[in-house]
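Everything on this sheet refers to the single structure shown next.
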Number of protein chains: 2
Amino acid sequence: MTTRWLTPEEQRAWRAYIAASLLLEDAIDRQLQQDAGMPHLYYSILSVLSESPERRLRMTDLAERLKITRSRLTYAVTRLEKDGMVRREACRYDKRGSIATLTDDGFAVLERAAPGHVDTVRSFLFDRLSEEQVGQLEEISMAIAQGLQEDGTRPASDDVPWRRRSSTACS
Amino acid sequence: MTTRWLTPEEQRAWRAYIAASLLLEDAIDRQLQQDAGMPHLYYSILSVLSESPERRLRMTDLAERLKITRSRLTYAVTRLEKDGMVRREACRYDKRGSIATLTDDGFAVLERAAPGHVDTVRSFLFDRLSEEQVGQLEEISMAIAQGLQEDGTRPASDDVPWRRRSSTACS
DNA sequence: ACGGCTTGGTTCAAGTTTGAAACAAACCTA
DNA sequence: TAGGTTTGTTTCAAACTTGAACCAAGCCGT
């Protein structure tokens, strides 16, 4: 079948989206680099850890939540560990496992950086959108993400309910 | 003043957005890497050039349109030039300038890759959105981009109408 | 208990991005 | 028109990302 090219509306949306996402990520990266000495992803790692039970998470779970590869996460955590914001611990129940724990230092950095980060997100994103648009953005994003996660989520099909594939509770 | 944290709705939207944009870019990068041997940005460079008059554009203009730094563009174009998809030419009217031109080979690669790319964008993005949502996405993206470009665009304030700051027409 | 498959994580090399510094040409302005 | 600033582009080192390859450790069937 012959290609269905994008309609003019779709083209406009696509280009606007590309531009916006690039600019936004750049702005956020710059702000965090300035104020916290780390890029957005690294901040997100600290953030996710801080909200996890005991501030710890297995590498794979962390990667899954952040939607990044394990390899990328390994690199990032190695850096964060060097900087003392995260500690790696062995998983008792699964000797293959490695658990990343947010240190007090890491938590402190996070707390110090959070206000500035939120301000940035606010001023570049939410302050420019109506309440309605915020809802629309969520729905659109969910729709996109859903289509891209079939694989990642489907394997979890709970036909084996007794077996957590994501061992957050480990150790 | 004390920080205005994100509301639950905003948090949800923000997280969904981050996830979606990461996943989408990854998917598109992978597809293009597979089928065209280059990441999304590089494809975009060829694409923008292909639509420019004479298939050529000054580096700065190209960077501006793509919303990337000049340094990043320099690197990318160097690679594309090595691969023979782009040629660099000197600008006659401004000896500092450098003009990137899409070669026939580059155009051919673009033509060959375009259908697969469009299919990908379609299946991961537009097929999952209603017509309404496409419009919403455009508006939201425009709103975001606008806030982040004040600097880049404002200097262009046409109080000096006789002087094009973007010399697309050069050479 | 052995071999084979899968899973969790890391490693390594190659490629890309970043941001500051370096240059050179163009543009003032006194 | 000399000197100072701005603009267009590249360069360089350091940081980051990618994907394939690797190594253990768990899992499973026989």
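All chains are named by letter (A, B, ...) in the order of the sequence lines, taking the proteins before the strands, and each is independently numbered beginning at 1.
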Under-4.0 Å side-chain N/O to phosphate OP1/OP2 contact, [X] with [N]:
| X | N | value |
| --- | --- | --- |
| Arg88(A) | dT10(C) | yes |
| Tyr93(B) | dA25(C) | no |
| Arg58(B) | dT9(D) | yes |

Could you go through residues 120-127 of chain A and list every donor-acceptor pair under 3.5 Å that involves a side-chain atom there, pairing it with any protein atom two or more places apart or in another chain?
residue: Thr120(A); atom: OG1; partner: Gln31(A); partner atom: OE1; Å: 3.3
residue: Thr120(A); atom: OG1; partner: Gly116(A); partner atom: O; Å: 2.8
residue: Arg122(A); atom: NE; partner: Arg4(B); partner atom: O; Å: 2.9
residue: Arg122(A); atom: NH1; partner: Glu10(B); partner atom: OE2; Å: 3.3
residue: Arg122(A); atom: NH2; partner: Trp5(B); partner atom: O; Å: 2.9
residue: Arg122(A); atom: NH2; partner: Glu10(B); partner atom: OE1; Å: 3.0
residue: Ser123(A); atom: OG; partner: Asp119(A); partner atom: O; Å: 3.2
residue: Ser123(A); atom: OG; partner: Thr120(A); partner atom: O; Å: 3.3

Among [options], which nucleotide has an atom closest to any side-chain atom of [X]?
| X | options | result |
| --- | --- | --- |
| Arg79(A) | dT6(C), dT17(C), dC16(D) | dC16(D) |
| Arg96(A) | dT18(C), dT10(D), dT7(C) | dT7(C) |
| Lys95(A) | dG9(C), dG26(D), dT18(D) | dG26(D) |

Check the distance between [N]'s [atom2] and [X]'s [atom1] and give it to me in whole angstrom.
| X | N | atom1 | atom2 | value |
| --- | --- | --- | --- | --- |
| Leu41(B) | dG15(C) | CG | P | 17 Å |
| Arg30(A) | dG19(C) | CZ | C1' | 10 Å |
| Asp26(A) | dC16(D) | CG | C1' | 14 Å |
| Leu32(B) | dT17(D) | CG | P | 20 Å |
| Asp29(B) | dG15(C) | CG | P | 16 Å |
| Asp83(A) | dA15(D) | CG | C1' | 12 Å |
| Lys82(B) | dG15(C) | NZ | C1' | 11 Å |
| Glu25(B) | dT17(C) | CD | P | 10 Å |

Using the closest heavy atom to pick a nucleotide of DNA chain C for each, name whichever of Tyr42(B) or Ser98(A) lands nearer the 5' end.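 That would be Ser98(A).
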Residue list, side chain to side chain donor-acceptor pair (under 3.5 Å) with [X], at least two apart or on another chain:
| X | value |
| --- | --- |
| Glu9(B) | Thr7(B) |
| His117(B) | none |
| Arg79(B) | Asp83(B) |
| Arg88(A) | Thr78(A), Glu81(A) |

For the helix from dA1(C)-dT30(D) to dA30(C)-dT1(D), what angle lies between the axis at the first five pairs and the axis at the last five pairs, to 10 degrees?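 Rounded to the nearest 10 degrees, the bend comes out at 20°.
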Close residues, residues 69-77 of chain A, relative to DNA chain D [heavy-atom separation under 4.0 Å]: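 Within residues 69-77 of chain A, the residues near DNA chain D are Ser71(A), Arg72(A), Tyr75(A).
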Let me know, please, whether Gln34(B) or Met59(B) comes out on the 5' side of the other along DNA chain D by nearest nucleotide.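 The residue closer to the strand's 5' end, by nearest nucleotide, is Met59(B).
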Anything under 3.5 Å between a donor and an acceptor, one on a side chain of residues 106-113 of chain B, the other on a protein residue two or more places apart or in another chain? List them.
none

For Thr101(A), give me all partners under side-chain contact (heavy atoms from CB on, under 4.5 Å), at least two apart in sequence or on another chain.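 Result, side-chain contact (heavy atoms from CB on, under 4.5 Å) vs Thr101(A): Arg56(A), Arg87(A), Glu89(A), Ile99(A).
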Is any side-chain heavy atom of Asp29(A) less than 4.5 Å from a side-chain heavy atom of Gln33(A)?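 When only atoms from C-beta onward are counted, Gln33(A) and Asp29(A) do not touch, as no gap falls below 4.5 Å.
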Could Asp26(A) and Lys67(B) be called an ion pair, given the rule that one side-chain N must be under 4.0 Å from one carboxylate O?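 Looking at Asp26(A) and Lys67(B), the cut-off is not met.
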Return yes if some donor-acceptor pair links the side-chain N/O of Ser47(B) with the main-chain N/O of Tyr43(B) below 3.5 Å, else return no.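 No, the answer is negative, given that no donor and acceptor are paired below the 3.5 Å cut-off.
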